[in-house]
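Convention: sequence-line order gives letters A, B, ...; per-chain numbering from 1.
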Protein chains: 2
Amino acid sequence: MPRPSDHAVAVTRLLEEAQGPLSADEVRQALAETGIGIATVYRLLKRGVEDGRYIPIEIPNGPTHYEPADRPHHHHFECLTCHRVYDVMGCPGHLDELTPEGFSLESHDVLLRGHCVTCSETPTP
Amino acid sequence: MPRPSDHAVAVTRLLEEAQGPLSADEVRQALAETGIGIATVYRLLKRGVEDGRYIPIEIPNGPTHYEPADRPHHHHFECLTCHRVYDVMGCPGHLDELTPEGFSLESHDVLLRGHCVTCSETPTP
DNA sequence: CTTATAGTGAGAATTAATTATCATCTCGTC
DNA sequence: GACGAGATGATAATTAATTCTCACTATAAG
């Protein structure tokens with residue numbers, strides 16, 4: 001019976017503590033001091049999705065981000081400066097009303113864009 | 001055999017008549033009988049965006065789609081079966097209320113997913 | 001200790017989208 | 001007809017993200 005490796009534990013903890021979904025490279029950078037390789041990061045993220053523990057968040061024009069699967073329904077905010085992705089709680093709703101006649105709605109994504117607190121405060125990026 | 005400059009006209013007309021943004025490959029396929037090459041399609045789309053006549057629509061996990069720049073504010077619906085993208089008029093609104101404190105909201109995208117009329121009617125999931 | 005097994009990192013390979021290259025073609029102008 | 005600027009298409013090249021390969025390692029079991 002294989003026991004979970006330290007890397008797997010670290011990645012799960014990292015995703016749980018993050019304020020939003022992380023990309024593979026963000027995970028690698030955050031765990032850089034452990035010497036984790038990018039191949040291992042991708043392996044663990046892929047397995048986590050297959051096991052239903054992580055959810056992949058597809059960002060237009062950017063790498064896939066990952067978050068724990070047990071978060072309640074929410075959406076995301078992408079900072080146009082630092083490109084970090086943040087969770088935003090809540091949902092505008094009323095989306096069936098937008099759906100055209102005869103179309104069946106299965107899911108939806110709302111992606112806000114702008115500048116996060118950190119990047120709004122900084123005068124020059 | 002179309003005169004060279006006809007390609008630009010054909011692409012613009014195609015985008016204007018479409019029910020949603022089109023990808024480069026969808027443009028090429030729609031104009032296949034003219035023998036248009038993919039390089040020309042990308043060239044015309046790129047120039048259109050640079051000139052402000054077209055808007056690029058980034059689809060997560062898919063190629064960029066393009067639509068005329070003069071459409072009123074709206075969002076999109078992606079069919080999970082045929083992967084075509086359709087315009088949906090209207091907007092849920094109230095998005096500033098979702099934006100976290102200190103964040104500045106500049107734009108937003110809403111992407112609905114499900115099955116379009118055509119693919120809902122066809123008894124093949 | 002010895003072995004079996006899963007885990008690992010470096011780097012190669014793959015994939016899909018897009019862009020660059022370049023010889024050729026078109027058309028208005030001479 | 002010849003000319004030249006711009007347009008074109010086939011294909012090579014590039015780019016970014018992700019996956020694969022493989023020799024090596026640590027651990028646990030026997």
Side-chain angles (χ1 to χ4, degrees), chain A residues 1-15 20-51 53-67 76 78 80 82-85 111, chain B residues 1-15 20-51 53-67 76 78 80 82-85 111:
Chain A
M1 205 56 156
R3 69 176 176 81
S5 76
D6 289 347
H7 282 149
V9 174
V11 168
T12 294
R13 230 172 48 112
L14 181 64
L15 292 187
L22 302 179
S23 68
D25 199 59
E26 285 171 335
V27 169
R28 190 188 52 72
Q29 284 179 43
L31 303 178
E33 69 272 18
T34 71
I36 192 171
I38 193 64
T40 299
V41 173
Y42 275 110
R43 255 190 303 256
L44 295 176
L45 292 176
K46 194 183 182 192
R47 182 180 313 167
V49 172
E50 287 166 357
D51 295 353
R53 292 175 293 112
Y54 305 154
I55 300 280
I57 306 294
E58 315 285 0
I59 301 296
N61 234 356
T64 303
H65 286 53
Y66 299 84
E67 67 183 10
H76 299 102
E78 181 186 16
L80 296 169
C82 66
H83 293 102
R84 269 189 280 263
V85 179
L111 183 59
Chain B
M1 214 51 153
R3 294 196 300 274
S5 54
D6 285 351
H7 283 328
V9 175
V11 168
T12 294
R13 231 173 47 111
L14 181 64
L15 292 188
L22 301 180
S23 68
D25 200 59
E26 285 171 335
V27 169
R28 190 188 52 72
Q29 283 179 43
L31 303 178
E33 69 273 16
T34 72
I36 192 172
I38 192 65
T40 298
V41 172
Y42 274 111
R43 253 190 304 258
L44 295 176
L45 292 176
K46 194 183 183 193
R47 181 178 313 168
V49 171
E50 286 166 358
D51 295 353
R53 291 176 293 112
Y54 306 155
I55 299 280
I57 307 294
E58 316 284 0
I59 301 295
N61 232 355
T64 303
H65 286 52
Y66 299 85
E67 66 183 12
H76 299 101
E78 180 186 17
L80 297 170
C82 67
H83 294 102
R84 270 190 279 262
V85 180
L111 183 59

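In the set dA17(D), dG9(D), dT8(C), dT8(C) carries the atom at the smallest distance from any side-chain atom of L44(A). Ranking dA17(C), dG7(C), dT19(D) by closeness to the P63(B) side chain, first place goes to dA17(C).
With rounding to whole Å, L45(A) atom CG is found 9 Å from dT19(D) atom P. For the pair I59(B) CD1 and dA17(C) P, the computed distance is 13 Å after rounding to whole Å. The CG atom of D6(B) sits 19 Å away from the P atom of dC25(C) (whole-angstrom rounding).
Applying the ring pair (Phe, Tyr, Trp, His ring centres under 6.0 Å) rule to H76(A) yields the partners H74(A); only residues at least two apart in sequence or on another chain are considered.
Using a 4.0 Å heavy-atom cutoff across all strands shown, I36(A) reaches sugar-phosphate atoms only and no base atom.
Judged by atom type and distance alone, R28(A) does not reach the base of dG9(C) through any side-chain donor-acceptor pair under 3.5 Å. In this model, a side-chain donor or acceptor of R43(A) finds a partner on the base of dG9(C) within 3.5 Å.
No more than 12 heavy atoms of other residues, nucleotides or ligands shown are found within 6.0 angstrom of CZ on R84(B).
Within the 4.0 Å cut-off from OP1 or OP2 of dT19(D), not a single side-chain nitrogen or oxygen of Y42(A) is found.
Across every non-hydrogen atom of Y54(B) and A8(B), the tightest pair is OH-O, 4.4 Å.
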